[in-house]
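This report concerns only the one structure given below.
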Amino acid sequence: MKAYIIGDITVEDLERYKNYIANAPGFVAKHEGRYLVRGGEVTVMEGDWRPARMVVLEFPSMEHAQAFAADPAYQDVAEDRRAATASRLIIVEGVA
């Protein structure tokens, strides 16, 4: 069953975040993931959630998504995101 990493990202240090943007896609691909959403316009339909930048990654399974997030080589790249943004991330399992 597919799994999705969904991120609500507020960029606070664009120069450092550019390093993440340049390097993260290789790790996504390494774990057989793909970007479904990477930025783009957000329109709020209901409620008070006002995300600045949305990211949605699709993986073949929950195991693939978790392996991506835990990949030791990815951690240096992830640190750039953590230092350059205020991020909220979740992994959610899709439907069959």
Quiz item: Can you find a pair of side-chain heavy atoms, one from Leu36 and one from Val55, that are under 4.5 Å apart?
Solution: no

Quiz item: Do Arg16 and Glu79 have side chains that get closer than 4.5 Å, going by heavy atoms?
Solution: yes

Quiz item: Is there a side-chain contact between Phe59 and Ile91, using heavy atoms and a 4.5 Å cut-off?
Solution: no

Quiz item: How long is the gap from CE on Met54 to CD on Glu41, to the nearest 0.5 Å?
Solution: 14.0 Å

Quiz item: Hey, does the side chain of Glu32 reach the backbone of Ala65 with a donor-acceptor pair shorter than 3.5 angstrom?
Solution: no

Quiz item: Val37, Tyr20: one ILVMFWY side-chain cluster at the under-4.5 Å cut-off?
Solution: no

Quiz prompt | CD1-CD1 distance between Ile90 and Ile5, expressed to the nearest 0.5 angstrom | solution = 10.0 Å

Quiz prompt | Backbone N/O of Asn19 and side chain of Asn23: donor-acceptor pair under 3.5 Å | solution = yes

Quiz item: Given the rule that I, L, V, M, F, W and Y join up when any side-chain heavy atoms are under 4.5 Å apart, are Val42 and Trp49 in one cluster?
Solution: yes

Quiz item: Side-chain contact, heavy-atom cut-off 4.5 Å: Thr10 with Thr85?
Solution: no

Exercise. Output, in order, the C-alpha distance, side-chain angles, deciding distance and verdict of side-chain contact (heavy atoms from CB on, under 4.5 Å) for Gln75 and Arg82.
Key: CA-CA 10 Å; Gln75 294 311 306; Arg82 290 182 195 107; 3.2 Å; yes

Quiz prompt | Test item: Arg53 side-chain N/O and Gly7 main-chain N/O as donor-acceptor pair under 3.5 Å | solution = no

Quiz prompt | Contact check, side chains of Ile9 and Arg81, non-hydrogen atoms, under 4.5 Å | solution = yes

Exercise. Show your working on side-chain contact (heavy atoms from CB on, under 4.5 Å) between Leu57 and Arg38 and close with a plain yes or no.
Key: CA-CA 8 Å; Leu57 304 173; Arg38 192 174 185 191; over 6 Å; no

Quiz item: Going only through I, L, V, M, F, W and Y residues with side-chain contacts under 4.5 Å, is there a path from Val56 to Val11?
Solution: no

Practice problem: Report the C-alpha separation of Asp71 and His31 in whole Å, then their side-chain angles, then the decisive distance to 0.1 Å, and conclude whether the side-chain contact (heavy atoms from CB on, under 4.5 Å) test is met. | Solution: CA-CA 9 Å; Asp71 184 327; His31 293 281; 2.8 Å; yes

Exercise. Given side-chain contact (heavy atoms from CB on, under 4.5 Å), test Met62 with Val92 step by step and report yes or no.
Key: CA-CA 8 Å; Met62 184 66 81; Val92 60; over 6 Å; no

Self-check item: same_hphob_cluster(Ile21, Phe27) at 4.5 Å side-chain heavy-atom cutoff
Solution: yes

Exercise. Determine, using the 4.5 Å side-chain heavy-atom cutoff (strictly less than), whether Tyr4 and Tyr74 are members of one ILVMFWY cluster.
Key: no

